[in-house]
Amino acid sequence: MPGPAPNTKRVDDLKSRILHVAQTSVYQVKLQPPDDVIGFLNNRGRVVNYSLDGENIELMCSETNLPGSSLATHDVTNDYPGVTEKMAYRRIYDETIDFTFMVDRNYKVVEFLDGWMNYVTGQGSTFTRDDYANGNVHYEMNYPSSYKTDNLYITKWEKDNSSSSMTYQFIGAFPLSIVSMPVSYEGSSVLKCSASFSYIRYIRRRST
């Protein structure tokens, strides 16, 4: 069977097809913790109140990435002589999703992320914060159902808001690590806090 025949395209037609591309800078994140974590953050000296501060914290997200996935396969070598076929048997999701935040002057971004991780390990819930100053203190982890959320979202759309958008929902998400934040006297710049969230899988939805 012959391949596709070459054809000609008008410049205006090419512009309408290939110049309207998606931009990387138009997105929004939603990092809503479960109710137990929200209550924990609200009661820690009222430093972070998610209902008041959550949107500002999410707007501080300066960088993230849309998730990827792959298929696990096994090789079939006996069906056809000299041919190896791959058969898919499982979908594999990325283990983490990364977020980078600009830190506000009240450090609520840090308090939000670190406070969520404190709740996971029981710091401030099963033991007080001062108890953890004791070198002999032990951890009492909270139950996963109390610190994992299904309400973590990344929504991607375009500036003209005329195209359909994509929303990624992450299932069973919680902060897994916070990257160290270097500070220096050499040239001031915006302090940024990066965190990795673990999740089970994602669901991608389209909307118009």
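Counting heavy atoms from C-beta on, the side chains of Cys193 and Ile178 come closer than 4.5 Å. Annotation: side chain of Lys86 is in contact with side chain of Asp75 (closest heavy-atom distance under 4.5 Å). The closest side-chain heavy-atom distance from Ile92 to Ser70 is below 4.5 Å. Side-chain contact between Phe112 and Pro33 is present, with heavy atoms from C-beta onward closer than 4.5 Å. Inter-residue side-chain proximity for Leu66 and Tyr168 is flagged as met; some heavy-atom pair is nearer than 4.5 Å. Taking the side chain as every heavy atom from C-beta outward, Ile154 and Lys156 never approach each other to under 4.5 Å. At a threshold of 4.5 Å between non-hydrogen side-chain atoms, the residues Glu55 and Leu59 count as touching. Taking 4.5 Å as the limit, every side-chain heavy atom of Tyr147 sits out of range of all side-chain heavy atoms of Met141.
Put simply, CZ on Arg204 and CE on Met166 are 6.0 Å apart, with the number rounded to the nearest 0.5 Å. Going from atom CZ of Phe170 over to atom CD1 of Ile97 covers 4.0 Å, rounded to the nearest 0.5 Å. To the nearest 0.5 Å, atom SG of residue Cys61 and atom CD of residue Gln28 are 10.5 Å apart. Distance OG1/Thr73 to CE/Met87: 10.0 Å, rounded to 0.5 Å. Distance CG/Leu113 to OH/Tyr107: 15.0 Å, rounded to 0.5 Å. Rounded to the nearest 0.5 angstrom, Lys30 NZ and Glu58 CD are separated by 4.5 Å.
Of all heavy-atom pairs spanning Pro34 and Lys148, the tightest one is CG-O, 3.7 Å. Of all heavy-atom pairs between Asn151 and Thr149, the closest is N-OG1, 2.9 Å. In plain terms, the two heavy atoms of Met102 and Val109 that are nearest each other are O-CG2, 3.6 Å. Residues Asp94 and Pro67 approach most closely at OD2-C, 4.0 Å, considering heavy atoms. Taking both residues in full, the closest heavy atoms of Pro175 and Phe197 are given as N-CD2, 3.5 Å, listed atom of the first, atom of the second, then distance. Listed here is the closest heavy atom pair of Gln169 and Asp150: NE2-O, 2.9 Å.
In this structure, a donor-acceptor pair under 3.5 Å is present between the side chains of Ser165 and Ser207. Side-chain contact, Thr77 with Thr84: no donor N or O sits under 3.5 Å from an acceptor N or O.
Judged by distance alone, with hydrogens and angles left aside, the side-chain atoms of Gln23 form no donor-acceptor pair with the main-chain N or O of Glu158 at under 3.5 Å. Counting only distance, with no hydrogens or angles, the side chain of Asp104 and the backbone of Asn106 share a donor-acceptor pair below 3.5 Å. Of the possible polar contacts, one joining the Asn43 side chain to the Gly39 backbone as a donor-acceptor pair under 3.5 Å is found.
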*Would you please test Ile57 and Val48 for side chain to side chain contact (heavy atoms under 4.5 Å, CB included) and show each step?*
CA-CA 10 Å; Ile57 291 172; Val48 176; 4.3 Å; yes
*asked:* Run the side chain to side chain contact (heavy atoms under 4.5 Å, CB included) test on Val29 and Thr64 for me, step by step, so that the C-alpha distance in whole Å, both residues' side-chain angles and the decisive distance to 0.1 Å come before the verdict.
replied: CA-CA 9 Å; Val29 301; Thr64 185; 4.3 Å; yes
*Could you go through the side chain to side chain contact (heavy atoms under 4.5 Å, CB included) check for Glu111 and Asp53 one step at a time?*
CA-CA 11 Å; Glu111 184 67 31; Asp53 304 318; over 6 Å; no
*Using the side chain to side chain contact (heavy atoms under 4.5 Å, CB included) rule, take Leu176 and Thr96 through it: C-alpha gap first, then chi angles, then the decisive distance, then the call.*
CA-CA 8 Å; Leu176 188 64; Thr96 59; 3.9 Å; yes
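The cluster map of Ile, Leu, Val, Met, Phe, Trp and Tyr, joined by side-chain heavy atoms under 4.5 Å apart, puts Val190 and Met60 in the same cluster. Residue Phe99 is grouped with residue Tyr93 when hydrophobic side chains (ILVMFWY) are merged at heavy-atom distances under 4.5 angstrom, including chains of intermediate members. In the hydrophobic clustering of ILVMFWY residues, with side-chain heavy atoms under 4.5 Å counting as a link, Leu152 and Tyr50 come out together. Val183 and Val103 fall within a single hydrophobic cluster, where Ile, Leu, Val, Met, Phe, Trp and Tyr side chains are chained together by heavy-atom contacts under 4.5 Å. Connection of Phe101 to Tyr153 is not established within any shared hydrophobic cluster, with ILVMFWY side chains joined at heavy-atom distances below 4.5 Å, either directly or through further cluster members.
Atom CG of Asp79 has more than 12 heavy atoms from other residues, nucleotides or ligands within 6.0 Å.
Ring pair Tyr199/Tyr202 is tilted by interplanar angle, where 30° to 60° counts as tilted. Using cut-offs of 30° and 60° on the angle between ring planes, the pair Tyr119 and Phe40 is tilted.
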